[in-house]
Amino acid sequence: MGSPSPPGAPSRRLPPLPESAVVARRFVRSVLDGVPPDMVDTAELLVGELVTNAVIHARTEIEVLAWVVEGRAHVRVSDHRPGSGLVPHDRHPYACTGRGLALVEELAAAHGVHSGADRKTVWFELWPEAPVPPTSAWETVAPPGRTVSVTLNDVPYALYWAAQQQWEGLLRELFLASSTDRWAGVRTEDIFVAQDVSNMICASMTVAVEQETPDSSTLSLLVGFAVDAGPRVMTLRRILDEADAAAQQSSLLALPALPQIRAFRHWLLDQIAGQLSGEAPTAWTQLPGAPSATPTDLAPWDASEVEAAPVPTVAADDTNRIIAVNSAAACLLGWPAHDLVGQRLTAVIPEHLRKRHVAAFSSLLLTGESRILGRQIPVPALHHDGRVIPVRLSIQTQEAVDGRTVFVAQLTTTTAPPPRRTLRGTAGTRRGRCRARCTCRPPPGRRRRWPRRGRHRSGSPCSPTPAER
């Protein structure tokens, strides 16, 4: 458990409130007076992360201890829920949560966790000349009580990581919003239940995935869950749907789930709750109307596959920037491929359509609803030389192994529609209009009644006036 704390080591007890992270950082800075500034900054960062974890996941009184011995800084953060184990996350650069323990691993000279009878303590040490941080050995806690194995077939693991990252971000923002007086959404007790069961699912799924070697785009997993977790899993499902709805209304500082992530989340939670109550498993690929059931959709996004695609293909991320393009698309659009990468999508969109594109793309991210995903739509594309090229656009989403969503668009060239033909009479007049100066012209003030194409009302051909010849 690291070095033992000396008698009388400075400590601070804090309530399980979001503002406790700020108080803990100030407390550690005051205790580490005289320590090199870079060590103090690191200690502040790490204690803030650990206290935030305790506020969100333990929700008990928190105790922070800090002291300095021989130039080494020691910090401990304790809570009173030893049964609520840590949930380490893979280091996905695009995840909006789960970075706290990863930062401790990266920056601390030594770190660990100890669970006792009535408390759990996470600790770290900072040294002036720190060695290479040791490999993570966080102690995790197995689900309490009897467990039941749940079979999850054809799990697209990239889609799972994306769904997990998204729902953890929703839960965090929902928790923080519920701590304010302005939030009158779901019950706080239900948010706590949802947070706990989410941690249980993430920990169990992580253990199951680590035991497999992905040799394809999907995994078939046997995952152990607490036998009585079914009702709590359905509470999590409901809370996430309500959080999604709140995010769509901009009531949370989080984006709602995209269609394929929402569908996968529903399938996963329904499978866990259903099998815990005795139902038979259903594979993701057998789900009617699954947004991603083809091998291409199930596979994690790979830039090399875009570059090798036989049809013009462009990939963009959720910041509206092009991240991959193949030579066929670059040739079609008149750009060198390496010059297109990093450009905004608006670089290949005609100017009069750019505002509509930005509005539609923003609406997709903000509402999670789309009118064009999975459909072929005719649109004009902008050539590098300024010409407009008619194409058919088909957009699909794929998840990358780092958890982000990538939009992959295939472009098919189309023939431009012929110009609208104008039918004229034998004298070069519009259909039914006699331009000759003759009796076909109605008197002023009377309704014009045109004759047949190029002919007088009398039936004789109309002849053009000298000015029309």
Side-chain angles (χ1 to χ4, degrees), residues 87 89-90 92 95 97-98 143 147-172 174 193-212 214 216-245 247 254-293 297-300 368 397-401 403-405:
V87 185
H89 289 69
D90 290 337
H92 292 162
T97 62
T147 61
V148 173
S149 294
V150 171
T151 302
L152 301 173
N153 290 324
D154 298 340
V155 178
Y157 57 89
L159 184 55
Y160 166 70
W161 296 129
Q164 175 188 316
Q165 288 180 185
Q166 195 274 337
W167 88 53
E168 287 185 329
L170 276 181
L171 288 177
R172 182 195 62 184
L174 188 62
V193 171
Q195 188 73 64
D196 290 343
V197 75
S198 171
N199 292 340
M200 178 197 71
I201 292 174
C202 294
S204 299
M205 291 289 290
T206 298
V207 171
V209 170
E210 289 176 349
Q211 296 174 352
E212 300 290 334
S216 65
S217 57
T218 62
L219 295 172
S220 291
L221 304 173
L222 199 63
V223 191
F225 295 103
V227 67
D228 59 350
R232 288 177 285 147
V233 171
M234 295 311 294
T235 298
L236 171 63
R237 189 189 196 280
R238 176 175 56 82
I239 294 298
L240 289 175
D241 285 345
E242 295 183 11
D244 248 341
L255 295 176
L258 292 173
Q260 80 281 8
I261 291 180
R262 187 182 304 112
F264 178 82
R265 186 183 74 210
H266 287 167
W267 170 82
L268 176 65
L269 299 181
D270 289 346
Q271 285 298 299
I272 296 173
Q275 292 186 44
L276 289 177
S277 63
E279 297 180 8
T282 300
W284 165 250
T285 51
Q286 296 177 345
L287 186 69
S292 56
D297 295 331
L298 293 171
T397 57
Q398 281 186 275
E399 276 60 46
V401 291
R404 59 177 169 161
T405 296

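Please read these numbers as outputs of a predicted model, since none were measured by experiment.
Between the OG1 atom in Thr151 and the CG atom in Leu222 there is a gap of 5.0 Å [rounded to 0.5 Å]. Taken to the nearest 0.5 Å, the CZ atom of Arg172 stands 12.5 Å off from the OG atom of Ser198. A distance of 8.0 Å separates OG1 of Thr405 from CG of Leu159, quoted to the nearest 0.5 Å. Here the straight-line distance linking atom CD of Gln166 with atom CZ of Phe264 works out to 12.5 Å at 0.5 Å rounding. Distance check, rounded to the nearest 0.5 Å: OG1 of Thr282 to CG of Asn153 gives 9.0 Å. Note: Leu287 CG to Trp267 CH2 = 8.5 Å, rounded to the nearest 0.5 Å.
By the 4.5 Å heavy-atom criterion applied to side chains, His266 and Arg237 are counted as neighbours. Contact of the Asp244 side chain with the Arg265 side chain is registered, since non-hydrogen atoms from C-beta on lie closer than 4.5 Å. A heavy-atom distance below 4.5 Å is not found between the side chains of Trp161 and Glu399. Within the 4.5 Å cutoff, the side chain of Ile272 has heavy atoms near those of the Val233 side chain. Side-chain contact check for Tyr157 versus Thr218: every heavy-atom pair is 4.5 Å or farther apart. Under the 4.5 Å side-chain criterion, counting only non-hydrogen atoms from C-beta, Val227 is not in contact with Thr147.
Taking both residues in full, the closest heavy atoms of Ala273 and Met234 are given as CB-SD, 3.4 Å, listed atom of the first, atom of the second, then distance. Of all heavy-atom pairs between Arg232 and Asp228, the closest is NH2-OD1, 3.2 Å. Heavy atoms only, all atoms of each residue included: Ala194 and Leu236 are closest at O-CD1, 3.6 Å. The two atoms that bring Gly368 and Arg262 nearest to each other are O-NH2, 3.7 Å, heavy atoms only. Nearest heavy atom pair, residue Ala254 against residue Leu170, reads CB-CD2, 4.0 Å. Heavy-atom minimum distance, Trp284 versus Ala263: CZ3-O, 3.7 Å.
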Checking side chain to side chain donor-acceptor pair (under 3.5 Å) for the pair Gln271/Glu279: CA distance, chi angles, key distance, verdict? CA-CA 8 Å; Gln271 285 298 299; Glu279 297 180 8; over 6 Å; no
Test side-chain contact (heavy atoms from CB on, under 4.5 Å) on Glu168 and Gln164 and set out the steps. CA-CA 6 Å; Glu168 287 185 329; Gln164 175 188 316; 3.8 Å; yes
